[in-house]
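First up is the structure itself, then whatever we jot down about it.
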There are 2 protein chains.
Amino acid sequence: MLNNSQYTEKLRSIGLRPTKQRIKICEVLFNSNKTFHFTINELAKRITKSTNENISLATVYNTVHAFKKKGYLKEIPINSDQSYFDTNTSHHHHFYDETQKDLIDIDDADVEPVKINTRIPGKKIKSVEVLVKVEDEKP
Amino acid sequence: MLNNSQYTEKLRSIGLRPTKQRIKICEVLFNSNKTFHFTINELAKRITKSTNENISLATVYNTVHAFKKKGYLKEIPINSDQSYFDTNTSHHHHFYDETQKDLIDIDDADVEPVKINTRIPGKKIKSVEVLVKVEDEKP
DNA sequence: TTCTACATTATAATAGTTCTAAACTGTTGA
DNA sequence: TCAACAGTTTAGAACTATTATAATGTAGAA
């Protein structure tokens with residue numbers, strides 16, 4: 001839980017002017033103990049709902065991408081017609097329930113470290129992401 | 001390496017009529033010892049190039065999706081503005097070179113089996129996919 | 001050969017995302 | 001305090017990947 005002046009600092013720290021739109025987006029994204037997954041559209045809807053005023057879609061896109069770039073959000077690699085983001089930026093993996101079309105965090109303690117015994121010369125590993133697709137046991 | 005009549009059988013075996021378009025797509029996809037990655041657009045271009053005639057994009061989409069459904073192609077979960085497919089349907093994972101925007105197979109022998117010590121009740125695991133993002137060592 | 005169900009095709013429609021350019025605003029420094 | 005400017009927001013257009021449509025074509029069975 002952060003108050004507005006803390007969001008102001010947060011934004012300043014990554015070189016973004018603390019505009020009222022950005023602070024509102026911060027509130028929706030970070031003003032909770034729980035992390036969550038979202039698409040841009042879902043986020044835009046939440047914002048409209050919690051403020052009764054619209055923020056331009058373009059601004060939502062811009063801000064989400066800026067946060068992602070700065071490491072305040074993660075994008076989840078999943079084949080979908082839209083991008084999924086995660087407010088949980090700690091290292092962890094995901095279940096994707098193909099029946100329910102639902103993303104679920106896997107606690108990092110529940111995954112043995114993934115060992116890759118090969119490298120590409122001149123390249124360094126940036127991230128290792130595991131996606132576990134699941135479906136109903138008896139369809 | 002398969003000849004056309006083998007593609008005919010392959011198509012019949014999955015309940016698809018062996019049309020000349022589908023056989024052509026088979027040739028481009030499977031007539032090589034090497035597996036490869038592609039996007040729909042790249043595939044359409046290859047087809048045009050190797051036949052000097054166009055196959056409608058809609059047909060390419062339909063056929064690729066039919067093959068995917070039948071397990072003759074795999075879709076690679078990666079965040080991108082377009083879908084990537086893989087003619088290598090054996091179990092394996094990928095590097096994604098973010099600098100080069102290039103997908104590279106990881107030999108399955110080079111990855112320790114991924115152990116997930118948690119389950120979702122009522123759901124069974126369909127696949128476990130590892131995506132290792134890499135970038136240039138000194139950017 | 002003829003019939004029918006399945007396929008192909010060009011094109012329109014859709015949807016997510018990015019671009020644009022004009023209006024607006026936070027910040028700086030006089 | 002306030003002017004100036006660079007960064008920001010905005011609505012809507014543009015763009016792109018993908019899917020839908022509906023008319024035409026074709027493989028395969030009888």
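The structure displayed is predicted, hence computed values, not measured ones. In what follows, chains carry the letters A, B, and so on, assigned in the order in which the sequence lines appear, proteins first and then strands, with residues in each chain numbered from 1. All heavy atoms count here, side chains included; hydrogens, waters and symmetry mates do not.
- Rounded to whole Å, atom C1' of C:dT17 lies 15 Å from atom CG of A:L43.
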What's touching nucleotides 23-29 of chain D from the protein side, N or O pairs under 3.5 Å?
residue : atom : partner : partner atom : Å
D:dG28  : OP1  : B:R12   : NH2          : 2.6

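- Here A:E27 pairs with A:K24 in a salt bridge; the nearest charged N to carboxylate O distance falls below 4.0 Å.
- Nearer to the 5' terminus of DNA chain D, by closest-nucleotide assignment, is the contact made by A:T59 (compared with the other of B:Q82 and A:T59).
- Going from atom CD1 of B:I55 over to atom CD1 of B:I25 covers 4.5 Å, rounded to the nearest 0.5 Å.
- Pairing each heavy atom of A:P77 with each of A:L131, the nearest pair is O-CD2, 3.8 Å.
- Looking at heavy-atom distances under 4.0 Å, A:S83 makes contact with sugar-phosphate atoms alone, never a base.
- For residues 60-69 of chain A, proximity to DNA chain C is found at A:Y61, A:H65, defined as any non-hydrogen atom under 4.0 angstrom from a strand atom.
- Rounded to the nearest 0.5 angstrom, A:F38 CZ and A:L103 CG are separated by 12.0 Å.
- Between A:A66 and A:L16, the shortest heavy-atom contact is CB-CD1, 3.8 Å.
- Nucleotide D:dC15 holds its P atom 16 Å from the CG atom of B:N41, rounded to whole Å.
- As a whole-Å value, the separation of B:I14 CD1 from C:dA7 P is 10 Å.
- Seen from the ring of B:F95, A:K123 does not count as a face-on cation partner, given the 6.0 Å and 45° thresholds.
- Between C:dT25 and A:Q21, no contact under 4.0 Å exists linking OP1 or OP2 to a side-chain N or O.
- Note: CG (A:L16) to P (D:dT9) measures 9 Å, nearest angstrom.
- For the pair B:I78 CD1 and D:dA17 C1', the computed distance is 16 Å after rounding to whole Å.
- In this structure, A:K24 atom NZ and D:dT9 atom P are separated by 15 Å, rounded to whole Å.
- In this structure, CG of B:D81 is placed 8 Å from P of D:dT18, rounded to the nearest angstrom.
- A:N79 has its CG atom 16 Å from the P atom of C:dG16, to the nearest Å.
- Between B:Y72 and B:F30, the ring-plane angle classifies as perpendicular under the 30° and 60° cut-offs.
- Set against C:dA10, D:dT18, C:dC19, the side chain of B:L57 has D:dT18 as its closest nucleotide.
- Ring-plane geometry between A:Y61 and A:H65 is classed as tilted, the angle between the planes lying from 30 to 60 degrees on a 0 to 90 degree scale.
- Closest non-hydrogen pair, B:A109 versus B:D107, comes out as N-OD1, 2.9 Å.
- Out of C:dA7, D:dT8, D:dT10, the shortest distance to the side chain of A:A58 is found at D:dT10.
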